[in-house]
Amino acid sequence: MEMQKTYNPKDFEDRLYAEWMEKNYFRAERDPAKIPFTIVIPPPNITGQLHLGHALDNTIIDTLIRFKRMQGYSALYLPGCDHASIATEVKIVEEMKKKGLTKKDVGRDGFLERAWAWKEKYGGRIVEQMKKMGVSCDWSRLAFTMDERCSRAVREVFVNLYEKGLIYRGDRIINWCPGCKTALSDAEVEYSEDASHFWHLKYPVKDSDEYIVVATTRPETMLGDTAVAVNPADERYTHMVGKTLVLPLVGREIPVIADEYVDKEFGSGAVKITPAHDPNDFEVGLRHDLPVIRVMNDDGTMNEEAGDAYCGMDRFAAREKIVEDLKACGALVKIEPHTHNVGHCYRCKSTVEPIVSKQWFVKMAPLAKPAIDAVARNKIKFTPSRFSKIYFNWMEGIKDWCVSRQLWWGHRIPVWYCDDCGEMIVSKTDPSECPHCRSKNIRQDEDVLDTWFSSALWPFSTLGYPDKTDDFNYFYPTDVLSCGYDIIFFWVARMIFSGIEHTKKVPFRDVLLHGIVRDEQGRKMSKSLGNGIDPLEVVEEYGADSLRFSLIQGVAPGNDSRYSKGKVEAARNFMNKIWNASRFVLMNAEGVNVPPMATVKLSAADKWIVSRLESCIKEVTLNLGKFELGIAAGALYDFLWSDFCDWYIELCKSALYGDDVEKKASTLSVLCFVLENALKLLHPFVPFITDEIFRNIPGTQGSIMVAEFPRYNAKLAYKKEAKAFETVMDVIKCVRNMKANVGCPPSKKVKVYLAAAANRRMLAAGADAIARLAGASGVEFLESGASLQEKTFSQVIEGCTVIVPLGELVDIEKEKVRLRQELERVIGEIGRADSKLQNRGFIEKAPKNLVDNERAKREKFIEMKEKIEAQIRDLGE
RNA sequence: GGGGGUGUAGCUCAGUUGGUUAGAGCGCAUGCUUGACAUGCAUGAGGUCAUAGGUUCGAGCCCUACCAUCCCCACCA
């Protein structure tokens, strides 16, 4: 093959992906001979396009999937999208608004038509984007939260929960978004510290000069007050309890009640109670049987209950007017500046209003308990483990889940009401008549379900639930669930309790959480900051492999990371390095009949690189198993760049360019062996480049995607030989270092003398390497005691003294200084070793190998010390 | 109010079960057209691992306190 000089991913990424698709490599078969390994995608919203968070999701999951697939599992990466009820509806409303249309104008059916068209467009686009990232999803199983399968699961679950009494309808205080005009769950409200005011109001006692002062942050709600509460133990107010107050502006008579909820120390110690507009007040209202007066409409304007003066006004305008009116009638005592936490809709950012409303709720306590147990008893394991604490924290304090939404885009609640007999029909299938009175006059509930209601079923709804399909039986429960820690509450927790409740099994064994991808300055990427990065643009510029590698490299599970162009460039440079190393190997192998490695005689350098490869295999496999993708990627980076390229390839050159045909063939054999295995190890991380190169290695067949992942082979570990060879490398480094220290150009050949006692054979075998890599004109051994006539530099390394005659470059005084510094360092090391070895505790308690190690080290340094002292003597005191 | 993260080289970050002389990338300095790669090669400078105690034969790692910084949950009107 003709390989380009530089790595150019555009030449092959799309082509390879098309081929993988065509060959059906992504398809996970229900092979009874294989063990299944399943990951379902965190389904991206169809609202728009993918961002770097999705890219990270996909890279992590795809890396694990490809790894397992190569290990022989039937690996299923199940793709899909989420209908994102509220988010999509907001987008479509916006889109219609541009054309001057409202939801009302187009009607429910018209609206849904637009929504489906939107889904087709953006859902398709997202799939295309994912393909660009190289993910090996089984597209034949592509799912959508509103497709037939998932919808059936939603109905099944809703009805089952209803029949078990775990889902109910009732008037409760909920979070209302006046922007989206729908109820929200607690999880969908974001709080922020907003500057506001504290308005202190005076409520007069009926037929008296007395009054009570209350404070509020939302004065407009006073129109719905139905009591004022004080703490029963508060002596200031004991005499007031039971008296009647006259609500200013409204004139309604309301009681003073006593309730523990009130904090004596806070404010005036008296609280106005508005059951319809505050969660705490609602509870107080229930305890005291207070009327609930709702003064606000769904769109955030005041209603008739607010009185003619305010009816129809927006809540914030009404607030101003009410404050003015209160001031005018003398009911306003004072206004204090006050910052407090205000809830905002997580989609449209409008200020959320707590409002009493009739909604559907899922009863959480019975569902939460087994879900907590599953994690507590390690049936599900979080990585990193600290997230289980966060999970417990949330699950233990969980309140009932408001699941109805006043939206059109979503799963319509499977409940019908009979206009004739008033009965409610909860059904998995659409009824045609009322089963109670046979009336045809039935209407379906107008509302849809929270998006997360269907997301919660994702690991099993996508596999066929409620039917016990073959897929369900084979692939469920899934194995790993990987997503960002920011959706633990929204998604992970809900999948856990849903999975346990409806399938009687935990939906996955492992939860692997990753952090948020931030911008270069550590800020969250957001539309308002305009600092978002489109992964496709990065792919376009650098290729998918570079993006994937840059997202994985140096990242620990659960930790946030920063995206930067520099990181992608570094990854791209690594790809280029892989590319060129491969090009080097393949070019040299061209026309050569490369023998299998098992048949050739290995040199010391060969054994060294094979040994390094084996430990790399070990490390990569181990760390992928622990979800430590960053460490695994780091090990590969070091192995390929430092060990393979900087050392081994350089070491090979003399054999490759030499005349010894056999030697050349055996070297190529090792080069191909190591390259092939390294590519296999790399493939899960960077699928394209590895496959592109793999096909050109002599002796390989087909795609690397379906090759077997390398297995550690203890026979190839060559621990002793590898260690011995490192002395040769040390000599090379030492000579280079000496040259650089005195400004001798690296290309200038120098004679190298070695004084060594033990490992002469190895050093002699390495003479050629030393000559080539250190720029030596020759390597000679000095007998002990022999000395040279020329001026020399010498340096002591482990097991050897390296002596280089550098003639005129030698500055005796400078060299003495260096030697003395070196001596000092070595003496320091001896001292350190001594103090350890003289410590009885260390000798007795530390593992034996460590103690032996320390002894050996001490010996080594003492030997070095003596040699350095001898050198100093030679230079003359 | 409760919970959690982070703090290691100029910058971005690794550092696994506590065990060699604490690492990488980028940046910096010096020198290299060494027949794969300047998206490269070699050499080097740069760290009292936030601070103070403690446990241990041994601490970047475990414990306690404290400082800084970020996040999540709760929502006292």
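Protein chains get the first letters and strands the later ones, always in sequence-line order, with residue 1 at the start of each.
In this structure, CD of A:Glu220 is placed 14 Å from P of B:A77, rounded to the nearest angstrom. Summarising the geometry, the separation between NZ on A:Lys577 and P on B:C26 is reported as 12 Å, rounded to the nearest angstrom. Rounded to an integer number of Å, the gap from NZ of A:Lys749 to C1' of B:U34 is 8 Å. In this structure, CG of A:Leu651 is placed 14 Å from C1' of B:C41, rounded to the nearest angstrom. Between the CZ atom of A:Phe387 and the P atom of B:G3 there is a distance of 17 Å, given to the nearest Å. Atom CE in A:Met738 sits roughly 18 Å away from atom P in B:A42 (whole-Å rounding). For the pair A:Glu619 CD and B:A14 P, the interatomic distance rounds to 17 Å; values are reported in whole Å. We find that CG of A:Asn576 is positioned 8 Å from P of B:A38, with the value rounded to whole Å.
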Could you go through nucleotides 8-11 of chain B and list every protein N or O atom that sits under 3.5 Å from one of its N or O atoms, giving the distance for each pair?
none

Protein and nucleotides 72-74 of chain B: nitrogen or oxygen contacts under 3.5 angstrom:
residue	atom	partner	partner atom	Å
B:A74	N6	A:Asn341	ND2	3.2

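A stacking contact between A:Phe266 and B:A77 is absent: the pair does not combine a ring-centre distance of less than 5.5 Å to the base's six-membered ring with planes differing by less than 30°.
Judged by closest nucleotide on RNA chain B, A:Val555 is the one of A:Asn573 and A:Val555 placed further toward the 5' end. With RNA chain B read from its 5' end, the first of the two nearest nucleotides for A:Ile649 and A:Gly841 is the one closest to A:Ile649.
The neighbour count for A:Glu824 CD, taken as heavy atoms of other residues, nucleotides or ligands under 6.0 Å away, does not exceed 12.
A ring-ring contact (aromatic ring centres under 6.0 Å, His included) check over residues 824-848 of chain A, counting only residues at least two apart or in different chains, returns nothing.
The base of B:A36 is paired with the side chain of A:Glu650 by a donor and an acceptor separated by under 3.5 Å. A:Lys733 contributes no side-chain N or O that forms a donor-acceptor pair with the base of B:U43 under 3.5 Å. In the interface, the side chain of A:Lys5 is not paired with the base of B:C37 through any donor and acceptor atom under 3.5 Å apart.
Residues passing the side chain to side chain contact (heavy atoms under 4.5 Å, CB included) test with A:Glu190 are A:Tyr346, A:Lys349, sequence neighbours excluded.
Summarising the geometry of A:Gly269 relative to A:Arg236, their closest heavy-atom pair is CA-NH2, 3.9 Å, with the distance given to 0.1 Å.
If you check B:A77, B:U39, B:C37 against the side chain of A:Tyr261, the one that comes closest is B:A77. Which of B:U43, B:G19, B:A77 sits closest to the side chain of A:Phe842 comes down to B:G19. Closest to the side chain of A:Arg772, from the set B:G35, B:U39, B:A36, is B:G35. Comparing B:G31, B:C37, B:U16 against the side chain of A:Pro746 picks out B:G31 as the nearest. Of the candidates B:C37, B:U16, B:G35, B:U16 carries the atom nearest the A:Lys626 side chain, counting heavy atoms from C-beta on. Of the candidate nucleotides B:A77, B:G19, B:G44, B:G44 has the atom nearest to the side chain of A:Asn737.
A:Asn231 and A:Asp259 share no side-chain donor-acceptor pair at under 3.5 Å. Side chain to side chain, A:Ser185 and A:Glu188 meet the donor-acceptor criterion of an N or O pair below 3.5 Å. A side-chain N or O of A:Tyr203 and one of A:Asp225 form a donor-acceptor pair less than 3.5 Å apart.
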Open item on the list: Counting Watson-Crick and G-U wobble pairs with both distances under 3.5 Å, what is the dot-bracket string for RNA chain B, 5' to 3', using [ ] for crossing pairs and | for pairs to another strand?
Closed with: (((((((..((((.....[...)))).(((((.......)))))......((((..]....)))).)))))))....
TODO: Could you go through the side chain to side chain contact (heavy atoms under 4.5 Å, CB included) check for A:Leu629 and A:Asn623 one step at a time?
DONE: CA-CA 7 Å; A:Leu629 309 206; A:Asn623 282 297; over 6 Å; no
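Near RNA chain B, meaning a heavy atom under 4.0 Å away, the residues from residues 635-648 of chain A are A:Tyr637, A:Trp641, A:Cys645, A:Asp646.
Straight-line distance between the P atoms of B:G60 and B:G19: roughly 10 Å, to the nearest whole Å.
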